[in-house]
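Computed over heavy atoms, backbone and side chain alike; hydrogens, waters and symmetry mates excluded. What you are looking at is a predicted structure, and each value in this text was computed from that prediction instead of being measured.
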Amino acid sequence: MAPSSSLLLGLKLSMGFLAAPWVSFWILKPTKTWKRSWHLAEELANDTFLRDCGLNVVVFCLPVMGLAILAFIHMHFHQERKQRKQARSWDAAFSRPIIVKSLIGVISLGELLAVSLFLCFVSWTYYSDVSSDFKKLVPYASLNLNRWQLKVMNLGIRAGTVSEVCLAVMLFPILRGMSFLRIFGIQFEAAVRYHTWIAHAFLWLCTLHGVIIMFIWGQKKVLLKEITTWQRVGRVNLAGAIGLIAGLAIWITSLPVIRRKYFQFFYITHHTYIVFIGFFLLHAGEKHFYLVFSGVFLFSLDKVLCFIQSRREVCIVSARVLPCKAVELILPKEPSMKYKPMSTIYLKVPSISKFQWHPFSITSSCYQDEKNVSLLIKCQGKWTEALYSKISSIKDEKLDQLKSLIVAFEGPHGPSSSLYERYSNLVLIAGGSGITPFMSLLNEISSRSNSTRSYPTKILLIYCIKRTQDLSMLTPISSLLHPRKLKNFNMKIFVTQDEESPGTAELLDEALQLEMFTFGTERSHISVGIVQEGLLWRATVAALSFAVFLVSLVLLSNIFVHQVHGKPNRKAYPSWINELLVLTAFIIAMSCSAVATVLFRHQNSRKEHKDIKYSESTKQKSNYETDQKCSSPIRPEIYFKQRPIFSDVLSDISNESTEDENIGVFVCGPDSMKESVASFCKGNPKIDNSKNGSSSSFVFHSVNFSL
């Protein structure tokens with residue numbers, strides 16, 4: 001039964017009611033009124049069983065956790081809706097490119113507004129804290145600082161305070177299974193860019209914080225003493241120095257020039273975030289840690305769920321080797337697992353590497369094949385080269401039964417809603433491997449074209465490749481080159497480096513008729529398919545684990561923190577006791593979520609356990625070959641030694657439009673391609689058709705692909 005609009009509206013309003021106070025807390029936090037009121041609230045809380053630790057968790061963490069839980073519930077019910085959501089004028093306005101620069105890429109109006117508001121908030125926090133400190137300069141007992149040194153010291157301290165604002169939201173964009181940002185249509189691959197922006201600002205502020213304070217210590221000739229002493233009470237300077245070193249290591253190795261050349265080194269170094277977060281807790285103290293804890297908690301929970309899912313392995317069902325040094329893999333999945341077009345799955349092949357995980361765009365639709373999911377992987381590095389060689393060698397073995405190839409997986413991850421459904425006229429622009437996300441989209445539209453749900457009625461695919469042999473990348477969607485499969489579908493192919501040869505048409509036909517070959521299967525893996533916990537379960541485990549953490553923290557605080565006249569006697573025990581209690585409660589909560597998830601998966605696997613029969617139907621020929629007998633295929637327009645002039649192509653589309661409409665333009669390819677299309681959409685937000693008086697608006701969407 002489809003959910004009512006009132007239910008979805010109620011969930012949205014509830015999310016707004018939770019988000020508003022959390023944002024308000026951060027805005028009011030630097031003010032004198034908030035500081036006086038908060039100290040009073042903590043004193044009152046210490047007279048209750050909740051204590052000040054429970055109050056901090058409820059105020060700064062509960063709204064975000066509640067928002068995430070409601071977002072999962074909303075996404076679950078939103079998936080069941082049948083009606084199509086029309087593109088609205090403000091959607092087009094917020095998606096309009098405003099800044100198109102090679103250094104920072106394409107920035108839309110919505111992104112620009114969000115960044116501007118965030119910068120204003122950070123500036124306000126820093127100004128408010130610094131101005132308050134300058135009005136009443138408090139001398140440090142251990143340092144004999146003059147007035148200007150006190151001011152500089154406060155500037156450095158407040159840089160660290162403002163960095164907490166960045167850390168509070170820095171981890172949200174890189175959540176995978178627990179990502180609640182998908183409710184805004186933000187894909188994981190695109191959200192990584194927001195994480196990068198925030199991380200740069202955060203590490204700049206952390207570096208400024210450390211450099212200024214160490215500069216003052218150097219002026220007073222106490223640098224070595226201050227930085228090597230582990231303070232019993234208050235800030236632990238040594239922990240801050242270790243955390244800063246870990247953060248700088250992550251920052252330096254994440255620079256594009258290092259990341260692209262030494263990806264494995266970058267990947268390993270990035271996992272020192274555990275060291276950074278741990279020493280941040282020891283340096284800043286538990287009260288400052290509560291400010292950023294919601295992001296850390298969701299990120300850790302996400303890692304736990306991903307780790308549990310990644311422990312499961314499957315055998316590849318079948319594969320196809322393409323002339324362009326690419327392979328198409330077919331993996332088994334549970335019929336109950338659903339995913340949206342343009343989703344991503346993480347893959348590990350233990351026989352190649354036991355530790356390397358690589359993301360790939362799914363090319364199939366869950367409505368096209370309920371028992372399998374397909375991936376198209378092109379050689380782009382050492383790992384994909386090794387996979388291509390392994391698949392090719394298995395294919396070349398002259399055996400009656402090919403040996404099995406076992407892989408581990410994690411995912412799929414994708415948007416909560418399909419943006420393409422908002423448009424009746426769709427333009428897909430892809431370059432090279434950027435075609436892979438659009439394959440799942442086209443297969444989805446084709447497989448559900450006869451349903452009651454509305455889908456785009458006119459689709460144009462513009463595909464740019466370097467070499468003629470790259471035409472074989474279209475093999476997974478060969479069946480769509482028939483009018484009965486996908487109506488009003490046209491394709492323009494631009495081969496930028498090769499010239500037309502007499503056998504090009506035959507080469508295309510041969511590439512589209514490549515056959516699959518079937519792998520053997522191990523008995524221990526024959527009935528296992530990809531399965532993923534649903535959104536309702538994620539909401540449940542998030543609520544359960546957070547409740548366990550809060551209860552554990554309050555109980556541990558009441559047991560181990562002694563009270564004097566209703567207040568914690570902080571001088572009676574070192575500061576690390578509080579941090580240890582937070583860490584203990586956190587481990588208890590993560591352990592409970594892991595146990596609950598394992599039990600849930602075990603129960604589900606018993607209910608839905610069905611043997612996957614690898615029948616001869618798996619050894620199928622290409623859909624293209626089967627459909628070729630039924631109807632003549634559509635011949636795509638192929639242009640050799642040419643690059644598309646997007647302004648001309650998009651203007652022609654607008655002239656063919658017969659009514660006022662928004663035209664969805666989805667681009668997946670090199671940055672130069674995205675910038676070229678974005679520049680046109682920026683300069684021509686609306687084009688009038690002189691023939692019939694209609695006007696068209698191009699709505700730009702940048703799509704990130706994984707390979």
Short question: side chain of [X], backbone of [Y] - any donor-acceptor pair under 3.5 Å?
{"X": "Asn443", "Y": "Met439", "result": "yes"}
{"X": "Ser676", "Y": "Met673", "result": "no"}
{"X": "Ser440", "Y": "Met342", "result": "yes"}

Just by distance, with hydrogens left out, do [X] and [Y] show a side-chain donor and acceptor under 3.5 Å apart?
{"X": "Tyr339", "Y": "Thr344", "answer": "no"}
{"X": "Glu111", "Y": "Tyr194", "answer": "yes"}
{"X": "Ser702", "Y": "Lys674", "answer": "yes"}
{"X": "Thr363", "Y": "Ser374", "answer": "yes"}

Next item on the list: Please assess Leu375 against Ile345 for the test side-chain contact (heavy atoms from CB on, under 4.5 Å), listing each intermediate value before the final yes or no.
Entry: CA-CA 9 Å; Leu375 308 172; Ile345 194 169; 3.3 Å; yes
Check: More than 12 heavy atoms of other residues, nucleotides or ligands under 6.0 Å from CD1 of Ile645: is that the case?
Finding: no
Check: More than 12 heavy atoms of other residues, nucleotides or ligands under 6.0 Å from CD of Glu385: is that the case?
Finding: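 It does: Glu385 CD has more than 12 such atoms within range.
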Item checked: Check against side-chain contact (heavy atoms from CB on, under 4.5 Å), Ile493 and Leu471 -> CA-CA 9 Å; Ile493 303 174; Leu471 289 170; 3.8 Å; yes
Notebook entry, point to check: With sequence neighbours left out, what residues match Ala430 under side-chain contact (heavy atoms from CB on, under 4.5 Å)?
Noted result: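 Ala430 satisfies side-chain contact (heavy atoms from CB on, under 4.5 Å) with Ile435, Phe438, Tyr463 only.
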Note to self: Working to the nearest 0.5 angstrom, can you tell me the gap between Met491 CE and Ile462 CD1?
What the structure shows: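 Here the interatomic distance stands at 11.5 Å.
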Margin query: Return the OG to CZ distance between Ser108 and Arg96, rounded to the nearest 0.5 Å.
Written below: 11.5 Å
Notebook entry, point to check: So, is the end of the Lys458 side chain (NZ or CZ) under 6.0 Å from the ring centre of Tyr423 and within 45° of the ring's axis?
Noted result: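 Output no; distance or angle outside limits.
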Check: Regarding Arg176 and the six-membered ring of Tyr346, is the cationic atom NZ or CZ under 6.0 Å from the ring centre and inside 45° of its axis?
Finding: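 Yes - Arg176 lies over the ring of Tyr346, closer than 6.0 Å to its centre and within 45° of its axis.
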Next item on the list: Could you pull out all residues at least two apart from Arg467 that satisfy side chain to side chain donor-acceptor pair (under 3.5 Å)?
Entry: Gln497, Asp498
Checklist line | Check against side-chain contact (heavy atoms from CB on, under 4.5 Å), Leu461 and Leu442 | finding: CA-CA 10 Å; Leu461 173 62; Leu442 293 171; 4.3 Å; yes
Note to self: The test is side-chain contact (heavy atoms from CB on, under 4.5 Å); show your working for Val407 and Glu313 and say whether it passes.
What the structure shows: CA-CA 6 Å; Val407 300; Glu313 296 178 336; over 6 Å; no
Check: Is any side-chain N of the basic residue among Lys348 and Glu410 closer than 4.0 Å to the acidic one's carboxylate O?
Finding: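 No, this pair does not count.
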Item checked: Presence of salt bridge, Lys340 and Glu444, under 4.0 angstrom -> no
Is the closest side-chain heavy-atom distance between [X] and [Y] below 4.5 Å?
{"X": "Leu535", "Y": "Arg182", "result": "yes"}
{"X": "Leu426", "Y": "Leu441", "result": "yes"}
{"X": "Ile459", "Y": "Ile445", "result": "yes"}
{"X": "Leu347", "Y": "His358", "result": "no"}
{"X": "Phe299", "Y": "Met178", "result": "no"}
{"X": "Phe666", "Y": "Ile429", "result": "no"}
{"X": "Cys324", "Y": "Ser472", "result": "yes"}
{"X": "Lys682", "Y": "Ser679", "result": "no"}

Next item on the list: Check Val495 against Thr468 and note the closest heavy-atom contact, atom names and distance.
Entry: CG1-N, 3.9 Å
Notebook entry, point to check: Which atom pair, heavy atoms only, marks the closest approach of Thr496 to Lys466?
Noted result: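 That would be OG1-CA, 3.5 Å.
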Next item on the list: Could you check Phe646 against Phe680 for ring pair (Phe, Tyr, Trp, His ring centres under 6.0 Å), going step by step and ending with a plain yes or no?
Entry: CA-CA 8 Å; Phe646 295 113; Phe680 174 82; 9.2 Å; no
